[in-house]
J.: 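Dumping the structure here so I can ask a few things about it.
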Amino acid sequence: MQHRAGFGQWLRALRDTRGLTQEELAEASGSSVRTIREMERGRVRTPQRRTVALLADALGLAGADRDRFVGLARAGHRPQPDPGIVAASPVVPSELPAAVPNLVGREAELTVLARLTTGVTDGSATTASVVVLHGPPGTGKSSLAVAAGHRLGTAFTDGQLFLDLHGTAPTDTGRADGGRAVGAWVDTGRVDGARVDTGRTGGAFAGIVDPAEALAGLLRSLGVPEEAIPGPSEQRGRLFRTLTRDRRLLIVVDDAADEAQVRPLLPAGRHCLTLVTSRRPLTGLTGAVRVPVGLLAPDAAWRLLASITGEDRLAADPTGTAELVELCGRLPLAIRVAGNRLASRPGWPVAQLVAQLADPRRRLTALTAGDLDVRATFDVSYRRLGATIAGVFRRASLVPGAEFDAGLLAAVTRVDVESAAAAAEELVDAGLLLPRGDRYAFHGLTRIYARERLALEE
């Protein structure tokens, strides 16, 4: 019976992706509606070969897809199950990576997400089902999304899905002027700049994940057998929306590059919530709620550092600790790196690390701990800029003062005011500049990085 259920589920999925009712498929194939209904329910153990062939014709199957369809239908004739044919079965995925144990300073964002979860699970028509967590590199967007998923996931009784789109992956050319490298499906988690293997891989990573491959991964997670996954991306999307239509699912889409990468992955069900993390606000996603993830408040930055190093160690030098927090720019990734460095050197006073970070020329090099690297996370965003905007970014580091407008930026970067304003907005979207009303500002560490690139390239 298991194999018949597998064939029946595939038959229904194929019919749904083609937009056919049972009556329309029956008419096109010369079968009866009752026969098709019984096959989809898995109650027909041995479909007639001619009936299967006519169904394949009516569904437009050819080549390898047709062979797999016919082969799955014939599996019931065999005395032993065919190990190469795996029936789809209901599964409750639980794919979220482990949450960081010391998420602090994100109470407001978690409150917003909890409210949205309630609206989605009770079917509120006014609640958006897509949330974009966006902000500069190193602010802990992935950590927040995963932590929220663990806290809120019990409301989604059909499971939690997780996929990393590698939207900030390096490109083949070093800088992507609008191009995209296509990567194989690899399911990993990221926590504050480090990648964490979640145990599911489907090939060596080669770049940004293509939406078609991401859809294939989601379908596998929902129990669709490999041979039942359609080839064309559009059909995969239809099948995904069909399978999620009546389910309560939480889907965490991490590290998205742009709207085009995310849009095919959104379910259509009213009881599904999708959390997307991206450095960009993805303003092209209609109806999404956008939650900015920025720098930590001073007290939250202190608490994060204390959770890693211990409160007593910081209390021994409160002035040095306050200076350390500011040298890290209250950027969660930088604070976590600093905390890890202190934790690995129990004999160091706080002042010793402060002295290392005091020199701007050494600061980014010092803010490295294992695979956590502040400079590297800036570098990823920079390498994806077009050549002109990258040049504006570098030269903007020459602007004196904490804030500047488009006119001053134009004077320093040698472009017209309109181009300077457009470049500044692009840099804000990339997380490399901070908006200040109609003016702009660097994060302290980002300015240091921009000056490094200026010295190296100009």
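Keep in mind that this is a model prediction, so the values were computed, not measured.
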J.: Has E326 got more than 12 heavy atoms of other residues, nucleotides or ligands less than 6.0 Å from its CD?
T.: yes

J.: Could you walk me through whether R453 and E458 pass salt bridge (charged side-chain N to carboxylate O under 4.0 Å, His left out), step by step?
T.: CA-CA 8 Å; R453 300 313 311 175; E458 298 187 41; over 6 Å; no

J.: So which atom in P267 and which in C272 form the shortest heavy-atom distance, rounded to 0.1 Å?
T.: CG-CB, 3.6 Å

J.: Using atom types as modelled and distance alone, determine if a side-chain donor or acceptor of R247 lies under 3.5 Å from a backbone N or O of L243.
T.: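 Judged by distance alone, yes, a pair lies under 3.5 Å.
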
J.: I want to check something: taking the side chain as every heavy atom from C-beta on, are L295 and L331 in contact at a cut-off of under 4.5 Å?
T.: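 When only atoms from C-beta onward are counted, L331 and L295 do touch, with a gap below 4.5 Å.
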
J.: Is the backbone of T21 close enough, under 3.5 Å, to the side chain of E24 for a donor and an acceptor to pair up by distance?
T.: yes

J.: Strictly distance-based, threshold 3.5 Å: is any side-chain N or O of H134 a donor or acceptor partner for the main-chain N or O of R290?
T.: no

J.: For the OH atom of Y449 and the CG atom of D379, what is their distance to the nearest 0.5 Å?
T.: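 Rounded to the nearest 0.5 Å, the OH-CG separation comes out at 3.5 Å.
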
J.: If every non-hydrogen atom of G167 is compared with every non-hydrogen atom of I208, which pair is closest and at what distance?
T.: O-CD1, 3.8 Å

J.: With sequence neighbours left out, write down each residue that passes side-chain hydrogen bond (donor to acceptor under 3.5 Å, both in side chains) with T368, or none if nothing qualifies.
T.: none

J.: Just so I know, are the side chains of L285 and V132 near enough to count as touching, which here means a heavy-atom distance under 4.5 Å?
T.: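 A side-chain contact exists here, since the closest heavy-atom pair is under 4.5 Å.
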
J.: Return the CG to OG1 distance between L218 and T244, rounded to the nearest 0.5 Å.
T.: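 Separation between the atoms: 9.0 Å.
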
J.: Short question: side chain of K141, backbone of G135 - any donor-acceptor pair under 3.5 Å?
T.: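 Looks like yes, one N/O pair under 3.5 Å.
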
J.: Going by the rule side-chain hydrogen bond (donor to acceptor under 3.5 Å, both in side chains), which residues pair with E107 if we only count those two or more places apart in sequence or in a different chain?
T.: none

J.: Would you say L161 and L250 make side-chain contact, with heavy atoms under 4.5 Å?
T.: no

J.: Do the side chain of D255 and the main chain of D164 share a donor and acceptor less than 3.5 angstrom apart?
T.: no

J.: Can you sort out the partners of D359 under salt bridge (Lys or Arg N to Asp or Glu O under 4.0 Å), two or more places apart, ordered by chain and number?
T.: R361

J.: Got a sec, which pairs hit salt bridge (charged side-chain N to carboxylate O under 4.0 Å, His left out) with one end in residues 407-423, sequence neighbours left out?
T.: none

J.: Could you list the residues that satisfy salt bridge (Lys or Arg N to Asp or Glu O under 4.0 Å) with E259, not counting sequence neighbours?
T.: none

J.: Please step through side chain to side chain contact (heavy atoms under 4.5 Å, CB included) for the pair L367 and D373, ending with a clear verdict.
T.: CA-CA 6 Å; L367 287 174; D373 187 337; over 6 Å; no

J.: Return the CG to CH2 distance between L304 and W302, rounded to the nearest 0.5 Å.
T.: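 Reported to 0.5 Å precision, the distance equals 13.0 Å.
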
J.: Go through it in stages, so that I can follow the logic: the residues are L14 and L61, the test is side chain to side chain contact (heavy atoms under 4.5 Å, CB included), and I'd like the CA-CA distance, side-chain angles, deciding distance and then a yes or no.
T.: CA-CA 10 Å; L14 289 169; L61 298 177; 4.0 Å; yes

J.: Using the side-chain contact (heavy atoms from CB on, under 4.5 Å) criterion, which residues pair with A322? Sequence neighbours excluded.
T.: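 For A322 there are no side-chain contact (heavy atoms from CB on, under 4.5 Å) partners, ignoring immediate neighbours.
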
J.: Compare all side-chain heavy atoms of F162 with those of I251 and state whether any distance is below 4.5 angstrom.
T.: no

J.: At their closest point, which heavy atom of H150 faces which heavy atom of A99, and how far apart are they?
T.: CD2-CB, 3.6 Å

J.: Name all residues meeting the side-chain hydrogen bond (donor to acceptor under 3.5 Å, both in side chains) criterion together with S307; count only those two or more places apart in sequence or in a different chain, and write none if there are none.
T.: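 With neighbours one apart ignored, the set is N102.
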
J.: Measure from the side-chain N and O atoms of R394 to the backbone N and O of I389, and report whether any donor-acceptor pair falls under 3.5 Å.
T.: no

J.: Give, for atom CG of L152 and atom CD of Q160, the distance between the pair rounded to the nearest 0.5 Å.
T.: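 Separation between the atoms: 10.0 Å.
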
J.: Has the side chain of R330 got a donor or acceptor atom that lies under 3.5 Å from a matching backbone atom of A301?
T.: no

J.: Counting C-beta onward and ignoring hydrogens, is there a side-chain heavy-atom pair between L265 and L163 closer than 4.5 Å?
T.: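 The answer is yes, as the side chains (C-beta and beyond) meet within the 4.5 Å cut-off.
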
J.: Evaluate side chain to side chain contact (heavy atoms under 4.5 Å, CB included) for R238 paired with L215, printing each intermediate quantity in order.
T.: CA-CA 10 Å; R238 290 175 181 172; L215 280 169; over 6 Å; no

J.: Give, for atom CG of L113 and atom CZ of R106, the distance between the pair rounded to the nearest 0.5 Å.
T.: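 The CG atom of L113 sits 11.5 Å away from the CZ atom of R106.
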
J.: If you count heavy atoms of other groups shown closer than 6.0 angstrom to CD of E234, is the number above 12?
T.: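 At most 12 heavy atoms, drawn from other residues, nucleotides or ligands, come within 6.0 Å of this atom.
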
J.: Please report the interatomic distance CZ(R336) to CG(L372), rounded to the nearest 0.5 Å.
T.: 8.0 Å

J.: Start with the C-alpha gap between E40 and R37, add the side-chain angles, then the distance that decides, and say whether salt bridge (charged side-chain N to carboxylate O under 4.0 Å, His left out) holds.
T.: CA-CA 5 Å; E40 289 186 354; R37 183 184 302 117; over 6 Å; no

J.: Not counting sequence neighbours, which residues clear salt bridge (Lys or Arg N to Asp or Glu O under 4.0 Å) with R248? List them please.
T.: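 With neighbours one apart ignored, the set is empty.
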
J.: Look only at the side chain of R236 and the backbone of P230, and say whether a donor-acceptor pair between them is shorter than 3.5 Å.
T.: yes

J.: Can you check whether L357's main-chain N or O pairs, donor with acceptor, with R363's side chain at less than 3.5 Å?
T.: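 Looks like yes, one N/O pair under 3.5 Å.
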
J.: Determine whether H166 and D254 make a side-chain contact, defined as any pair of heavy atoms from C-beta on separated by less than 4.5 Å.
T.: no

J.: Compare all side-chain heavy atoms of P137 with those of R279 and state whether any distance is below 4.5 angstrom.
T.: yes

J.: Does the side chain of R375 come under 3.5 Å of the side chain of T365 through a donor N or O and an acceptor N or O?
T.: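 The answer is yes; a qualifying pair exists.
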
J.: Taking ring-ring contact (aromatic ring centres under 6.0 Å, His included) as the cut-off, I'd like each qualifying pair that reaches into residues 392-444, sequence neighbours left out, listed once.
T.: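 Counting only pairs at least two positions apart or across chains, the ring-ring contact (aromatic ring centres under 6.0 Å, His included) contacts touching residues 392-444 are Y382-F393, F393-F442.
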
J.: Name all pairs fulfilling the salt bridge (charged side-chain N to carboxylate O under 4.0 Å, His left out) condition that reach into residues 426-435, sequence neighbours left out, sorted by first residue then second.
T.: R280-E426

J.: Less than 4.5 Å apart, side chain to side chain, heavy atoms only: is that true for V100 and V146?
T.: no

J.: Please answer whether the main-chain N or O of V415 pairs with a side-chain N or O of S419 as donor and acceptor at a distance below 3.5 Å.
T.: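 Not a single qualifying donor-acceptor pair exists.
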
J.: Which residues pass the salt bridge (Lys or Arg N to Asp or Glu O under 4.0 Å) test with R12, not counting sequence neighbours?
T.: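 Partners of R12 under the salt bridge (Lys or Arg N to Asp or Glu O under 4.0 Å) test: D16.
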
J.: Any idea which heavy atoms bring L445 and A334 closest together, and the distance?
T.: CD1-CB, 3.8 Å

J.: Between A369 and R341, what is the shortest heavy-atom contact and its length?
T.: CB-CG, 4.1 Å

J.: Under the side chain to side chain contact (heavy atoms under 4.5 Å, CB included) criterion, do V289 and V130 qualify, and how do the steps go?
T.: CA-CA 6 Å; V289 172; V130 180; over 6 Å; no

J.: Taking side-chain contact (heavy atoms from CB on, under 4.5 Å) as the test, write out the residues that go with A256, two or more places apart.
T.: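 If we apply the side-chain contact (heavy atoms from CB on, under 4.5 Å) test to A256, skipping adjacent residues, the hits are L165, Q261, V262, V276, S278, L282.
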
J.: Determine the minimum heavy-atom distance between S142 and T277, stating which atoms define it.
T.: OG-OG1, 4.2 Å

